[in-house]
Participant: 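Take this structure, written in structure tokens, and hold onto it; I'll ask about it next.
Being a predicted model, the structure only gives us computed values, none of them experimental. For the numbers below, each heavy atom of this structure counts, side chains included, while hydrogens, waters and symmetry mates do not.
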Amino acid sequence: MARGTVVVPGSPGATIDLPGGAWLDRPPVVRSLDRIGFAVAATDAALLVGAVLLAHVLRFGLMPLQAVEWVVVGLCVPTWIVTAAAWQLHRSFRFDPVEEFRRVVGAVSLCLVLVWSVSFWSHTSVSRGWIGLSWMLGLGFVLADRALCHAWLRRRWRRGDLRLRTVVVGTTEEGGRIAEALSRSLAYEPVGFLWTGLGDPTLDGLPRLGDLSRLEAVVRGHAADCLFVAPSSVSEEQMFHLIRLSRRLGIELRVGANLPSVYATRVALQPVDRTGGVMSLAIQPVRLTGPQAALKRAFDVGASLLLLVLLSPVFAAIALAVKLDSPGPVLYRQTRATRHGRPFTMLKFRTMREDAEEDLRRHGLDPSRPFFKTEDDDPRITRVGRLLRRTSLDELPQLWHVLRGEMSLVGPRPLPIEQVHANPDLLAARHEVRAGLTGWWQVQGRSDLPLEEALRMDAFYIENWSFALDLWILLRTVGVVLRGEGAR
């Protein structure tokens, strides 16, 4: 057999020639994404230096830095490079936003802990205010940098740039589902199927490009950047060689998983035996332990109390505007359900006429339908109410429920009790946790989502809860509210 020739199992007599066994260059798009990742990591380092210097100015004014303080500032760059590499933050396009957020928080925290350790070893007294401000500013700067990068990438993807041209390996039903999902994604551009000997070789949706014996020719001919494998379509030997060949061809390799959406932190790859002949995905169930529940509750109490104090002038201004705009009470009260289906009287600033509910029933509308919503142009909504809904300020009184323990800052939105009673089986799973002021589906589409998608997203949040996920949802909520996305 010639040097650099590989036999593809499952394809009799088929070989792929890699001249001289040489490793091929990575495709241009993959190289570009890698370069972007390294550039963002380098920008992060500069921003961390800027955060430490700005924190010093905010804490001490324009006082010159001492020698040991300059050492601390200078160490930010090499320490961040090592930390970012350890957390693989230069390859953030491989992570979903929440996983990247978790890694950024961990990496920034670890980097600054290591940097500030120098001051303690040198027995130099360092202001705790400087340390705290450095962490807050550094984390904010790095998260903002990455948010801007992702926004720029999304614009490039919408123009058709930097998409991973992807070949789907496998023409089974699973391969078809993968192809459909890729076609809905901005980051991928599916170009065709490869047949592995299983499934329907004439599967609709994408052109068939050949079988595994033509892998290199397909990758070169279609300028493919990525292989996406339907695992039900390949044998163990074929999978092994796909891994090897993707490494030789320098392209990305993805393998579909027949799993509901779970985060990587919950999944561990484990061999069943010592030889590694059979691998398993161990999925850790999410349960709020005592300390985790205490942390979530402590954060709810502290944040809601702080916001109630800081926003008290806003509460007063809204109450006055509601009262002057239309007759009726300032607050709207409605019985809704929280954890375990327990009812409570939820407060909102009133956004509709006082007789709105009676008018709704007179027109024959069914408010017991799950996630029932009124339309933006509903004539029962007052002028001030329309502004409050568009900005979500009508929800502010629910901070009181968070403080009382009836709600959490993050969780499935509380539904009216009549909707819960009318749909007990459909909505029961949402009540495993406290209802939330904001939630996963609120930051993914809010009122624009269909019922099935909203329920699936509520289940996703419950199954994947973490403190980092709560923080990410809260940060996303700020952006969603400011943009008015899906508000109704």
Side-chain angles (χ1 to χ4, degrees), residues 34 36-92 94-95 97-149 263-266 268 284 289-292 294-296 298-299 302-303 306 466-472 474-475:
D34 283 342
I36 292 168
F38 285 116
V40 173
T43 306
D44 292 340
L47 289 172
L48 279 176
V49 171
V52 174
L53 292 174
L54 178 59
H56 190 274
V57 172
L58 293 175
R59 179 64 181 85
F60 302 109
L62 298 177
M63 182 185 299
L65 274 71
Q66 300 176 10
V68 70
E69 293 173 337
W70 278 115
V71 172
V72 167
V73 173
L75 283 174
C76 286
V77 173
T79 306
W80 174 253
I81 290 173
V82 173
T83 308
W87 290 78
Q88 293 192 320
L89 288 175
H90 58 294
R91 296 184 174 182
S92 60
R94 290 188 173 90
F95 307 133
V98 181
E99 175 63 14
E100 182 181 17
F101 173 78
R102 186 188 70 82
R103 288 172 180 254
V104 166
V105 172
V108 170
S109 302
L110 178 60
C111 173
L112 292 179
V113 164
L114 293 174
V115 167
W116 288 110
S117 297
V118 173
S119 64
F120 295 114
W121 292 335
S122 63
H123 304 290
T124 302
S125 177
V126 176
S127 165
R128 286 173 292 183
W130 187 22
I131 295 174
L133 281 172
S134 296
W135 180 81
M136 288 189 291
L137 291 172
L139 183 59
F141 287 176
V142 172
L143 289 174
D145 179 40
R146 289 175 175 270
L148 290 173
C149 175
Y263 281 128
T265 51
R266 293 183 55 200
Q284 178 184 357
T289 62
Q292 288 174 329
L295 174 64
K296 184 175 174 67
F299 182 75
L306 178 64
S466 70
F467 190 61
L469 177 59
D470 274 8
L471 292 178
W472 187 85
L474 289 171
L475 289 174

Participant: Once ring-ring contact (aromatic ring centres under 6.0 Å, His included) is applied, do any residues pair with W135, and if so which ones, sequence neighbours excluded?
Facilitator: none
Participant: Rounded to the nearest 0.5 Å, how far does CH2 of W472 lie from CD of E99?
Facilitator: 12.5 Å
Participant: Ignoring hydrogens, what is the shortest heavy-atom contact between G138 and V108? Give both atom names and the distance.
Facilitator: C-CG1, 4.3 Å
Participant: Look at E100 together with R103 and state whether they make a salt bridge at an N to O cut-off of under 4.0 Å.
Facilitator: no
Participant: Hey, are the side chains of D470 and F299 touching, using non-hydrogen atoms and a 4.5 Å cut-off?
Facilitator: no
Participant: Is any side-chain heavy atom of L89 closer than 4.5 Å to one of W80?
Facilitator: yes
Participant: Rounded to the nearest 0.5 Å, what's the gap from CZ on F141 to CZ on R146? Could you check?
Facilitator: 15.5 Å
Participant: For residues W116 and W130, determine if any side-chain heavy atom of one lies less than 4.5 Å from a side-chain heavy atom of the other.
Facilitator: yes
Participant: State, with a plain yes or no, whether a side-chain heavy atom of V52 is found less than 4.5 Å away from one of L48.
Facilitator: no
Participant: For residues P78 and L75, report the shortest heavy-atom separation together with the two atoms involved.
Facilitator: CD-O, 3.4 Å
Participant: For L133 versus A55, what's the shortest heavy-atom pair and its separation?
Facilitator: CB-CB, 3.6 Å
Participant: In sequence, state the C-alpha distance, the side-chain angles, and the governing distance for L65 and L53, and then conclude on side chain to side chain contact (heavy atoms under 4.5 Å, CB included).
Facilitator: CA-CA 9 Å; L65 274 71; L53 292 174; 4.0 Å; yes
Participant: Quick one: closest heavy-atom pair of A51 and S134, and the distance?
Facilitator: CB-O, 4.2 Å
